[in-house]
Amino acid sequence: MTALALRQDGPGTSAVPGPRRRLLGLAVALALLAVLLVLSVMIGSTSIAPSVVWDALFHSSSGIDEFAIRDYRLPRTIVGLVVGVALGLSGALIQALTRNPLADPGILGVHAGASFAVTVAVGLLGVRDVQGYMWFAFAGALIVTLMVLALGSTRQGSSPVVLVLAGVCIGAVLGGAREALQLTNPEAFDAMRYWNAGSVVGRPLDVVWPILPFFAVALVLAFAASGPLNAMALGDELAAAQGVQLVRTRALSVLALTLLAGGATAIAGPIGFVGLMVPHVARWIVGPDQRWIFAYSILLAPSLLLVSDILGRIVMRPSEIPVGIVTAFVGAPVLIALARRKKASGL
Amino acid sequence: MSADSPRVDFGHRVLVLRRRRFAVRLDRRSVIVCAVLAAAVACMAVLALMTGSYHLSAAQVVSALAGGESELIHAIVVEWRLPRVAAAVVFGAALGVSGAVFQSLLRNPLADPGIIGFSQGSYTGALIVILVVNGTYLQLVGGALLGGMATAVAVYMLAYRRGVQGFRLIIVGIGVSALLGSLNTWLMIKADLDQAMAAAAWGAGSLYGVSWSQVLVGGACVLVFLLLAGMLSRPLRQMELGDDAAASQGIRVSPVRLGLIVVGVALTATVTAASGPIAFISLVAPQIGRRLARTAGITLAPAAFVGALVCLAADYLAQHVAPTPLPVGIVTVVLGGGYLGYLLFTEARRRL
Amino acid sequence: MTTTPLRRRGAALVAALLSTTLVLTACGSDGDDADDTGDPTAQTRTVQADNGTIEVPADPQRVATIGNTTLPFIDLGGEPIGVTEESATNVARLPEDQQATYASAKILATSADEVDLEELATLKPDLILVQIPDAEFEAIEKQLELIAPTVFFGLDAEWKALADGIADAGNVADALSQQKKEFGDKVAKIQETYGEVIDGTSFVDISRGDFNDPGTFYIADIGCSEIARDEVGLDLPEAAEGADPLAYESLSFEQIGELSKYEVITYPVDAEGQPTEPFVPVVESNTWKALDAVKSGRALGVFCPGNNSYGAAIRYLDSLDSALATLPAEE
């Protein structure tokens, strides 16, 4: 789908589309997302007639199928939407912040922190359900990201390269400790096999509501930072000359992206690639303006996640493939094709 | 052992050409750093030979090395402990150089053969052998090498469009690696717990049960590739200044780049074949080596020595210090990552 | 050579071939015994195993078990001096005396990877029993054989064949024949008591493990219900030949509704009869509560203490027996 949207908008960075076309594109992306939301409720590993779906959503009937819609399909659709928005925006933020096209929210240690915390919760503390270990994941992601920032920052602020290296270091140390813990504790290993795949199944909505306020705050921060980030794309000195407060902008962006990526990982487990790929695609469609990149990422990322989740339900019926696995299969070919088509797209 | 061979043929010439006083000082430091590292490797090796859960006195170890002692004790020292030490040194050096080649080539501190999909590809190959075919050790090695090479070639071809350009190589590498990473996770989920754990243990990289035949064959390959890397190190340094600058000095950029990629991948492939993917040494050894030797760019010799030392020390910790024996790859990650973190930290403070 | 990944819960079909070889082996080995007088450890006999013909002590005293041989050997009354670690869940399900035996053995490795060979040599075992993947065994075969006679079973050795082999090599055949008899009696009793149910009812066994993603479960066609299907003869679903077991596919809770096509559902409970912890989310779901089988008392909790040895299988059959007794009569 993303590929289709792209082709309409043509050659990319060199010819930035005008505001009207960008708005039109945004409307198309919104419509696409709406269609996918409906499909996600309609399609599943069992076939349920549309009329039953309608009944389940708008009447309080109580057959097995109605329960299936209300208890499973609707929640996973909402989870997919929320997690997708968070991943897309956090990816756009980190790429803007580090000016590094390789940057993924995972690179700042979000995934490593969350995985490590969950392994400790599962392996040493015996926590078993998603409601229990989700807060460990959230806390782990936040703490580790702060550690990465502390390690990767100098008084003048943080150089993107050092930040990335710091993320890799801490991620590696925690990853090694986590692996050691898992290899010596078969049960923790077993429990983590699935969590590491990233999935939106079986997350009851009451694990999502408490995270939403964090996301709302992050959303506001991200758009507040988008203007200054635009200026910083031209270089720190130029931005400072235009009166941008570098330190404050960085702090706001980092706070926002940590909340977003940490929350998404807490809910769904580590889903890689969405945060890496979607902002690239958004940039290739709308050019370098961060506000537009943010807006497009917010719509395209949940679309990628929902498409992947729907595919994951039907390609191997009756069993399902976790969405974290499908996203790479859907997204990677698109990314490779784009990388071949475009001239080198630096930031 | 073999690790000191590359030291012979680089260093001064390139640097001397440019700024004499500066270059000489740097070079001396490099030599001293390498010598100190070599001494550390030797001490570590002796310590590793002496330690084990089967208690042997120093005298027993020496006499076993000289051919004395009972069959069991001789086997423990000469057939079990010694090849493991040798493997750690040789393979560590190979990984260090392999990483140095890639980081220098792509001018990116995060680059290693993993970036062109080699690691994920070889893991996929091994997983398929372990989980689907339930194959023998040789098949596993074959599967891993085939998977890694095929992926590397695929990434290279996908990134090839009138020449290979660094950034496109990286993006395509990320895409393909992500794809294979997902496939690997999927295979792990589908597998039975015990098999999945066996696969994960292989995937962590381990020198457990390594035999003399593996060390000798692997060591010979590593030696050849290290020599090739040494021969290509001069054009490599010139290419660090940019493709155009190198071309203007008479370097044929494309074939040299391909040759370097092949050498880098082959070094890692040899190690992967013998021990599974030992993570992270190729990433951190060049960075640590550069900071210790305070050279301007990535240089191969310090990377080789650091790689050998990290690998040997990590294996010692994994076997004897950890509460339960662990695959060395897990410890290299923690050790290397921790040390690089420390370097970054002190560097950041120095810059204040 | 071997094509299907099987371990511990191997498919019975494959094993039929192997058990034949092992029966032949068992016969062959008896003849080699020298006279029974004198120091028992000095006598040797030969056994046939997946790593060839092995000369083992006639009455091994210091046995080390690596991989999946630990629990079956303990179940046969063996007292290993060194073992590879078993998961806490597996250990907790053992009878208390077996737990004590396990606890008194030296742990040689967490799980079966990276067995501490020097530690093993320090223990001076006179027999080593191994069941691990072929590739792993290949890497340490020479080292093990230098320490003590090593009897290796490939992963596709089915549990009955494994029990035969272990009993033979470890010289605990008496305990085995007693367990076999008890097992046979138990199967016969269930078949006799519930003949009609077995013939005319469709069953399905479902389960959920820690390793399942939240919101998923699986149809357990391997594990304990394999015994119910292949030994007792219950009508339970089975994967197509050559395909992966159904249990490898995790199904989303949405699929719970599909279970209505079976008449009786069995699910995992602990020794006290409560649903196992990972299974609780299934029992609490609305779709589960709405199933006809659940509403009419035809969802049965069965305790599965392990399916890798006769002792555990007998305890499973006991639990199945009392579960079947609670089935409401058909109208």
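Numbered from 1 within each chain, the chains take letters A, B, ... in sequence-line order. This one's a predicted model, so the numbers in the text were calculated from it and none came from an experiment.
More than 12 heavy-atom neighbours from other residues, nucleotides or ligands sit within 6.0 angstrom of NZ on K289(C). By the neighbour-count criterion of 12 heavy atoms within 6.0 Å, atom CZ of F214(A) is sparsely surrounded, having that number or fewer from other residues, nucleotides or ligands.
Contacts between R313(A) and chain C at a heavy-atom distance below 4.5 Å are absent for every atom of the residue. For I256(C), the part sitting under 4.5 Å from any heavy atom of chain A is the side chain, from C-beta outward, and nothing else. Residue E258(C) touches chain A through its side chain alone, counting heavy-atom pairs closer than 4.5 Å. With a threshold of 4.5 angstrom between heavy atoms, E277(C) approaches chain A through side-chain atoms but not through N, CA, C or O. The part of Y72(A) that comes within reach of chain C is its side chain, from C-beta onward, which places non-hydrogen atoms under 4.5 angstrom from that chain.
For the pair T287(C) and A68(A), the tightest heavy-atom approach, listed with the atom from each and the gap, is CG2-N, 3.9 Å. Of all heavy-atom pairs between A290(C) and I64(A), the closest is CB-CG1, 3.6 Å.
Atoms CD and CG, from E254(C) and D65(A) in turn, are 8.5 Å apart once rounded to the nearest 0.5 Å.
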